[in-house]
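Some notes on the structure that comes next.
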Amino acid sequence: MRGNFVYLSLEPVTNMIYSLGISPADFLNGIPAIPNQLLLLNDESGSDVEINPHTRLQTITGQAQIRRYLLGKHEHAVKWLDYAHGDDLDFLLPGEIAELLYLAHMETHIRTPFYAKLQNEYAYLTLRDGFYKTYYRHLNDFDHVLEVSIKRHLRAMHNNRWVFARPLAISDVPNEILLQLTQGLLDGMIIAFDQLVERHRIYVIPVRAITHPERQATWYTQEEVYADSREVASLRYDLTTREWALGIHDNQVFSDVADLI
């Protein structure tokens, strides 16, 4: 699905983020550290891929190899969990392996996809049309991923508007704004960079709440996504002071509204 926007929703019980517009590069550049070992839930080929004899699933070892894999092009949907130690996989029980296969096939969890035996920090599922499901053991790891994505999208919009301008230096998004964007709209939200306007050297980016989250499985175009939403806030970036602000238009949407302007 094309369009310069970020869609995300949060399932707080399992720390699952359902997203569109947050790229694998955003994820890699936003998490605290690249995993050292991946357990693949999809079939792959290549010199970096090995097979674990106990689970009969494929693995990749080494941060450089994992970075190359996650940023590469793939014929099939990329689905994986990380794990801490090389022999962790040998202790998985048949029921646990079955849960992993269910996660890959049905693209949803039976129970939380975090295993004490694997000590995994993430579970990552590539879905249709650029959608992703990403599970975070520590949800605050997502805050920096979101920040990286916001800055990338804003930089892209700026470069499209001002072709010969110098690269835009963007300051960090305050943690309180990231927290509100992540947790304030559990039913889903859109950060609509393609609806950005400039007012007195301030970029104003609409934030839209999803009104019919049950329809997300039927979205195939940007127009369908936007049709199921309404504007409830605006994310603002001052080009002069390099300061961020979040302006709230509909207080009822946010569970804990703070005056961040």
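Remember, it's a predicted structure, so these values are computed and weren't measured experimentally. For this chain, numbers begin at 1 and follow the sequence in order.
Rounded to the nearest 0.5 angstrom, Leu103 CG and Ile110 CD1 are separated by 8.5 Å. Atoms OG1 and CZ, from Thr240 and Arg201 in turn, are 5.0 Å apart once rounded to the nearest 0.5 Å. Taking CD1 from Ile210 and CZ from Arg215, the interatomic distance works out to 11.0 Å, rounded to the nearest 0.5 Å. Interatomic distance, CG of Asn15 versus CZ of Arg137, reported as 10.0 Å (0.5 Å rounding). Rounded to the nearest 0.5 Å, atoms CG (Leu125) and CE (Met106) are 12.5 Å apart. The distance from atom OH of Tyr203 to atom OH of Tyr237, rounded to the nearest 0.5 Å, is 10.5 Å.
Counting all heavy atoms, side chain and backbone alike, Gly188 lies closest to Ser9 at CA-CB, 3.6 Å. Between Pro213 and Asp187, the closest heavy-atom pair is CB-O, 3.3 Å. Across all non-hydrogen atoms, the minimal contact from Ile248 to Gln180 is CD1-NE2, 4.4 Å. Heavy atoms only, all atoms of each residue included: Ala104 and Leu41 are closest at CB-O, 3.5 Å. The two residues Ser229 and Arg208 have their closest heavy-atom pair at OG-NE, 2.8 Å. Of all the heavy atoms in Glu147 and Val173, the pair that sits closest is OE2-N, 2.8 Å.
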Handout entry: Worked verdict on Glu99 versus Tyr115 for side chain to side chain donor-acceptor pair (under 3.5 Å)
Key = CA-CA 11 Å; Glu99 287 182 16; Tyr115 296 86; 2.9 Å; yes
Practice task
Could you walk me through whether Leu118 and Leu92 pass side chain to side chain contact (heavy atoms under 4.5 Å, CB included), step by step?
Solution key: CA-CA 8 Å; Leu118 301 182; Leu92 290 175; 4.1 Å; yes
Practice task
Under the side chain to side chain contact (heavy atoms under 4.5 Å, CB included) rule, what do Leu168 and Leu239 come out as? Steps first, then yes or no, please.
Solution key: CA-CA 9 Å; Leu168 178 64; Leu239 296 169; 3.7 Å; yes
Exercise for the section: Verify side chain to side chain contact (heavy atoms under 4.5 Å, CB included) between Leu101 and Leu57, making sure each step is shown before the conclusion. Expected result: CA-CA 10 Å; Leu101 296 175; Leu57 296 172; 4.1 Å; yes
Handout entry: Stepwise side chain to side chain contact (heavy atoms under 4.5 Å, CB included) check, Ser171 with Glu243
Key = CA-CA 7 Å; Ser171 59; Glu243 294 179 341; 6.0 Å; no
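Applying the side-chain hydrogen bond (donor to acceptor under 3.5 Å, both in side chains) criterion to Tyr132, with sequence neighbours excluded, gives no partner residue.
In this structure, the side chains of Tyr69 and Leu40 come closer than 4.5 Å at one or more pairs of heavy atoms. Between Leu181 and Ile150, the closest side-chain pair of non-hydrogen atoms falls below 4.5 Å. For the pair Gln63/Asn36, a side-chain contact is recorded, criterion being any heavy-atom separation below 4.5 Å from C-beta on. Side-chain contact between Thr59 and Tyr83 is present, with heavy atoms from C-beta onward closer than 4.5 Å. When side chains are defined from C-beta on, Thr126 does not count as touching His76, because their heavy atoms never get closer than 4.5 Å. Between Leu139 and Leu10, some side-chain heavy-atom pair lies under the 4.5 Å cut-off. A 4.5 Å side-chain heavy-atom check between Lys133 and His109 finds every atom pair outside the cut-off. Leu81 is not listed as a side-chain neighbour of Phe114, based on a closest heavy-atom distance of 4.5 Å or more.
The distance between the ring centers of Phe91 and His54 does not fall below 6.0 angstrom. For Tyr135 and Tyr122, the gap between ring centers reaches or exceeds 6.0 Å.
Using a 4.5 Å cut-off between side-chain heavy atoms of Ile, Leu, Val, Met, Phe, Trp and Tyr, with links allowed through other members, Val148 and Tyr124 fall into different hydrophobic clusters. Cluster membership for Met16 and Val13, using ILVMFWY side-chain heavy atoms within less than 4.5 angstrom, is not shared. No continuous path of ILVMFWY side-chain contacts below 4.5 Å connects Leu39 to Tyr102, so the two sit in separate hydrophobic clusters. Follow the hydrophobic side-chain contacts under 4.5 Å out from Tyr18 and you reach Tyr226 in the same cluster. Cluster annotation: Leu178 is connected to Phe193 through the hydrophobic network of ILVMFWY side chains, with a link wherever side-chain heavy atoms come within less than 4.5 Å.
When only modelled atom types and interatomic distance are considered, Glu44 and Asn42 share a side-chain donor-acceptor pair under 3.5 Å. Side chain to side chain, Gln222 and Asp194 meet the donor-acceptor criterion of an N or O pair below 3.5 Å.
Around CD1 of Ile51, the count of heavy atoms belonging to other residues, nucleotides or ligands within 6.0 Å does not exceed 12. Around the CD atom of Glu50, the shell of radius 6.0 Å holds no more than 12 heavy atoms that belong to other residues, nucleotides or ligands. Shown here is Asp87, whose CG atom has more than 12 heavy atoms of other residues, nucleotides or ligands within 6.0 Å. Annotation: Glu214, atom CD; neighbour count of heavy atoms from other residues, nucleotides and ligands within 6.0 Å is above 12.
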Side-chain donor-acceptor distances from residues 21-34 under 3.5 Å, at least two apart:
{"unit_1": "Ser23", "atom_1": "OG", "unit_2": "Ala25", "atom_2": "N", "d": "3.4"}
{"unit_1": "Ser23", "atom_1": "OG", "unit_2": "Asp26", "atom_2": "N", "d": "3.1"}
{"unit_1": "Ser23", "atom_1": "OG", "unit_2": "Asp26", "atom_2": "OD1", "d": "3.4"}
{"unit_1": "Ser23", "atom_1": "OG", "unit_2": "Asp26", "atom_2": "OD2", "d": "3.2"}
{"unit_1": "Asp26", "atom_1": "OD1", "unit_2": "Arg152", "atom_2": "NE", "d": "2.8"}
{"unit_1": "Asp26", "atom_1": "OD2", "unit_2": "Ser23", "atom_2": "N", "d": "2.9"}
{"unit_1": "Asp26", "atom_1": "OD2", "unit_2": "Ser149", "atom_2": "OG", "d": "3.1"}
{"unit_1": "Asp26", "atom_1": "OD2", "unit_2": "Arg152", "atom_2": "NE", "d": "3.2"}
{"unit_1": "Asp26", "atom_1": "OD2", "unit_2": "Arg152", "atom_2": "NH2", "d": "2.7"}
{"unit_1": "Asn29", "atom_1": "OD1", "unit_2": "Arg67", "atom_2": "NH2", "d": "3.3"}
{"unit_1": "Asn29", "atom_1": "ND2", "unit_2": "Ala25", "atom_2": "O", "d": "3.0"}

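With respect to Lys79 and Glu107, a salt bridge is recorded, a charged nitrogen being found less than 4.0 Å from a carboxylate O.
Taking the six-membered ring where tryptophan is involved, the planes of Trp219 and Tyr7 are perpendicular, since the angle between them exceeds 60° and thus also 30°.
Under the 6.0 Å distance and 45° angle rule, Arg128 counts as a cation-pi partner of Tyr220.
Shown are Asp82, Leu71, Thr61, Ile60; of these, the side chain to side chain contact (heavy atoms under 4.5 Å, CB included) with Ile66 is made only by Ile60. Results of the side chain to side chain contact (heavy atoms under 4.5 Å, CB included) test with Ile205 over Val6, Leu235, Leu246 single out Leu235 as the only residue that passes.
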